Protein chains: 2
Amino acid sequence: MPEPGGSEAAAAPDDEALLLRLFNEIGIINQLATNAFERVMPHGLTIAQFAILNHCARLGDNKTPAQLADILQVTRGTLTSTLGRLSEKRFIRIVPDEEDGRSKRVVLTAAGRRARDAAIAAAMPILSRARDAMPRARVQDLLPALEDLRRWLDADRTS
Amino acid sequence: MPEPGGSEAAAAPDDEALLLRLFNEIGIINQLATNAFERVMPHGLTIAQFAILNHCARLGDNKTPAQLADILQVTRGTLTSTLGRLSEKRFIRIVPDEEDGRSKRVVLTAAGRRARDAAIAAAMPILSRARDAMPRARVQDLLPALEDLRRWLDADRTS
DNA sequence: CTCCTCTGGATTGATATCAAACCATTATCG
DNA sequence: CGATAATGGTTTGATATCAATCCAGAGGAG
């Protein structure tokens with residue numbers, strides 16, 4: 001998703017133009033990174049699919065689709081689709097929620113956990129190479145600012 | 001496109017885990033920002049469509065689709081599709097290249113230029129609000145590092 | 001000049017994404 | 001209790017994106 005601005009800013013007050021460049025860079029980085037990771041992922045996993053497996057493996061499964069959609073910042077419709085694909089691959093199981101007839105629960109299978117581990121292993125070479133361009137100290141400088149920006153966007157979205 | 005990692009890192013050497021978080025943040029920011037911009041764009045313009053109009057307006061039109069695809073970092077197939085939509089909206093015209101029978105040229109129309117200006121005007125309120133979370137100085141700190149990362153990803157991609 | 005290759009575009013099929021509309025179930029309120 | 005509202009999931013239709021494939025025109029090697 002290439003973001004606004006060919007690579008420079010537009011006819012706008014200086015501060016806004018700078019922000020436009022920021023969003024532009026972020027868009028290009030996201031596109032390049034997504035592509036780089038998906039090309040090495042096992043089982044044809046996409047980043048969206050991996051994100052679900054990784055969340056379940058690290059922070060616990062047995063969540064409802066609605067909870068996962070909130071966490072991953074996608075609509076429920078989007079999640080329905082991706083969960084369906086993971087289910088076909090037998091990486092998760094979707095079981096009805098006993099307490100709430102509307103709801104379901106997402107359960108990680110053993111194969112799903114293995115796929116997630118394999119995906120992380122496959123991504124390692126990219127990350128190791130990336131360290132040359134982005135040494136630890138630099139990432140630590142970047143992260144807090146980006147987290148602030150993300151939080152602001154998230155808050156501004158709903159307001 | 002939510003990026004790797006629920007929001008934390010994975011079972012990996014520390015530096016790689018940090019980088020994973022970086023890509024994760026960037027993915028979420030991109031998703032939120034794309035959404036925020038597209039909701040206010042006039043004429044149902046998408047970011048991809050705006051990027052083409054903006055490039056033509058700022059850096060000159062009359063380029064071939066192949067050149068634009070390289071500049072915008074998308075495949076030619078993707079560009080074919082988006083150019084088709086812009087053409088339907090009468091924001092560009094696609095004319096045959098006189099010198100090369102295979103090639104075409106993308107020309108910005110007057111309506112296209114107006115749509116691009118209107119899109120920038122529509123994005124201004126978002127950018128102005130964003131300045132609160134991201135003051136000028138902070139953006140200036142971020143940009144060089146992100147540009148480095150983008151350049152590295154671009155170089156690593158082709159190698 | 002003729003073949004063979006390269007390059008420019010278009011097409012196809014898959015995935016992700018959103019908004020909007022939809023149905024089922026639960027929760028709330030009068 | 002019964003009607004209304006809120007919530008959980010799904011579906012549909014649009015767009016963007018990629019890889020792979022395909023065709024047509026241009027360029028080079030004999």
Side-chain angles (χ1 to χ4, degrees), chain A residues 1-4 27-28 30-41 43-52 63-89 92 94-106 157-158, chain B residues 1-4 27-28 30-41 43-52 63-89 94-106 157:
Chain A
M1 251 152 280
E3 281 283 331
I28 293 178
N30 182 58
Q31 190 167 347
L32 291 170
T34 299
N35 206 240
F37 283 119
E38 290 192 348
R39 280 199 281 113
V40 301
M41 287 277 170
H43 309 291
L45 279 179
T46 63
I47 295 294
Q49 291 167 22
F50 170 73
I52 294 171
K63 295 194 171 69
T64 68
Q67 289 173 327
L68 288 174
D70 284 353
I71 293 165
L72 300 176
Q73 303 267 21
V74 294
T75 64
R76 293 170 188 189
T78 297
L79 203 74
T80 296
S81 158
T82 304
L83 288 180
R85 269 170 256 281
L86 285 173
S87 191
E88 279 171 23
K89 291 178 184 175
I92 60 169
I94 303 174
V95 301
D97 186 323
E98 296 304 330
E99 343 234 289
D100 190 333
R102 296 167 297 186
S103 204
K104 301 186 172 177
R105 295 282 169 171
V106 177
R157 177 175 63 95
T158 54
Chain B
M1 255 152 280
E3 281 283 330
I28 293 179
N30 182 59
Q31 192 167 344
L32 292 170
T34 299
N35 206 239
F37 284 119
E38 290 191 347
R39 280 200 280 113
V40 301
M41 287 277 170
H43 310 292
L45 279 179
T46 63
I47 295 294
Q49 290 167 25
F50 169 72
I52 294 170
K63 294 194 173 65
T64 68
Q67 288 172 329
L68 287 173
D70 284 352
I71 291 165
L72 300 176
Q73 303 267 23
V74 295
T75 63
R76 292 170 188 188
T78 297
L79 203 74
T80 297
S81 159
T82 304
L83 288 180
R85 270 170 256 280
L86 284 173
S87 191
E88 279 171 23
K89 292 178 183 174
I94 303 175
V95 300
D97 186 323
E98 296 305 328
E99 344 233 289
D100 189 333
R102 297 166 297 185
S103 204
K104 303 187 170 176
R105 295 283 169 171
V106 176
R157 176 174 63 95

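Scope of the values below: all heavy atoms of this structure, side chains included, with no hydrogens, waters or symmetry mates. What you see is a predicted model; the values in this text were computed from it and never measured. Quick note on labels: first sequence line is chain A, next is B, and so on, each numbered from 1.
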What integer distance in Å separates [X]:[atom1] from [N]:[atom2]?
{"X": "A:Asn35", "N": "D:dA20", "atom1": "CG", "atom2": "C1'", "answer": "14 Å"}
{"X": "B:Ile94", "N": "C:dA10", "atom1": "CD1", "atom2": "C1'", "answer": "11 Å"}
{"X": "A:Arg102", "N": "D:dG8", "atom1": "CZ", "atom2": "C1'", "answer": "6 Å"}
{"X": "B:Met41", "N": "C:dA19", "atom1": "CE", "atom2": "P", "answer": "15 Å"}
{"X": "A:Leu68", "N": "D:dG9", "atom1": "CG", "atom2": "P", "answer": "9 Å"}

Query raised in the report: Can you find a heavy atom in the side chain of A:Asp97 that is under 4.5 Å from one in the side chain of A:Arg105?
Result: yes
Query - Student check: side-chain heavy atoms of A:Ile71 and A:Lys63 closer than 4.5 Å - result: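 Yes; the side chains approach each other to less than 4.5 Å.
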If only side-chain N and O atoms of [X] are considered, is one of them under 4.0 Å from the OP1 or OP2 phosphate oxygen of [N]?
{"X": "A:Arg85", "N": "C:dT15", "value": "yes"}
{"X": "B:Thr75", "N": "D:dC18", "value": "yes"}
{"X": "B:Thr78", "N": "D:dA16", "value": "no"}
{"X": "A:Gln31", "N": "D:dA16", "value": "no"}

What contact category does [X] fall into here, base, sugar-phosphate, or nothing, at under 4.0 angstrom with non-hydrogen atoms?
{"X": "B:Asp100", "answer": "sugar-phosphate"}
{"X": "A:Thr46", "answer": "sugar-phosphate"}
{"X": "A:Ser103", "answer": "sugar-phosphate"}
{"X": "B:Gln49", "answer": "sugar-phosphate"}
{"X": "B:Arg105", "answer": "nothing"}

Report summary line: Closest to the side chain of B:Thr80, out of C:dT26, C:dA10, C:dA16, is C:dA10
Report task. State which of C:dG9, D:dC18, D:dG9 makes the closest approach to the side chain of B:Ala66. Result -> C:dG9
Query raised in the report: Are A:Ser81 and A:Arg85 close enough that a side-chain donor and a side-chain acceptor fall under 3.5 Å?
Result: yes
Report summary line: Closest to the 5' end of DNA chain D, once B:Gly101 and B:Gly44 are matched to their nearest nucleotides, is B:Gly44
